[in-house]
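The figures here come from the full heavy-atom set of this structure, side chains too, leaving out hydrogens, waters and symmetry mates.
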Amino acid sequence: MPMQEENPHIGKMIREVVLRKGIKVSWLAEQLNSHRNNIYKIYSRRWIDTDTLMRISCILEHDFFEDLSGFYKRK
């Protein structure tokens, strides 16, 4: 996933995957046992803890760790 910014913004990356896959925020919130508002908060975060990122990666079937690793390899 190409990053246009100098540093990665994980919230934006998650939002892009959610939109690309046509997933509803309410569904993602339900999968995370959370509320819709918390998903929007995640979208605004530049970084999140690895446990949450792992859960989101599994739910969305997308390896955000690989995306981040690729960013740093290109840097």
Side-chain angles (χ1 to χ4, degrees):
M1 172 180 300
M3 293 299 301
Q4 306 247 342
E5 299 178 23
E6 187 174 313
N7 292 310
H9 188 293
I10 194 63
K12 288 180 180 178
M13 294 166 67
I14 293 168
R15 183 176 183 272
E16 288 174 13
V17 170
V18 167
L19 291 173
R20 185 168 31 90
K21 291 189 172 203
I23 294 170
K24 294 185 181 222
V25 173
S26 56
W27 180 85
L28 181 56
E30 184 179 315
Q31 299 305 304
L32 289 169
N33 295 319
S34 189
H35 298 281
R36 288 173 48 100
N37 290 344
N38 291 334
I39 303 304
Y40 293 115
K41 288 178 186 176
I42 288 171
Y43 289 169
S44 71
R45 295 183 194 157
R46 183 168 294 280
W47 297 104
I48 61 174
D49 65 272
T50 55
D51 181 57
T52 302
L53 187 57
M54 179 64 80
R55 290 175 58 213
I56 292 171
S57 290
C58 290
I59 290 166
L60 296 179
E61 298 179 348
H62 183 91
D63 189 349
F64 291 101
F65 294 97
E66 183 177 337
D67 293 342
L68 291 171
S69 176
F71 172 81
Y72 288 108
K73 286 178 184 175
R74 291 188 302 275
K75 194 169 185 180

Nearest 0.5 Å please: distance from the CD1 atom of Ile48 over to the CE atom of Met13. 10.0 Å
How long is the straight-line distance from OG of Ser26 back to NE2 of His35, given to the nearest 0.5 Å? 13.0 Å
Rounded to the nearest 0.5 Å, the CD1 atom of Ile10 sits from the CG atom of Leu53 at a distance of 4.5 Å
To the nearest 0.5 Å, tell me how far Ile56 CD1 sits from Asp51 CG. 10.0 Å
d(Met54 CE, Thr52 OG1) to nearest 0.5 Å is 11.5 Å
Neighbour count above 12 (heavy atom, 6.0 Å) for Lys24 NZ: no
Specify the closest pair of heavy atoms between Leu68 and Pro8, including all atoms of both residues, with the distance to one decimal. CD2-CB, 3.7 Å
Distance in Å, Asn33 CG paired with Arg55 CZ, rounded so as to fall on 0.5 Å steps: 6.5 Å
Which atom pair, heavy atoms only, marks the closest approach of His9 to Arg45? CE1-O, 3.1 Å
Name the orientation class of the two ring planes belonging to Tyr43 and Tyr40 (parallel below 30°, tilted from 30 to 60°, perpendicular beyond 60°). perpendicular
For the student: nearest non-hydrogen atoms of Asn7 and Phe71, plus distance: CA-CZ, 3.6 Å
Tyr72-Phe65 co-clustered via ILVMFWY side chain contacts under 4.5 Å: yes
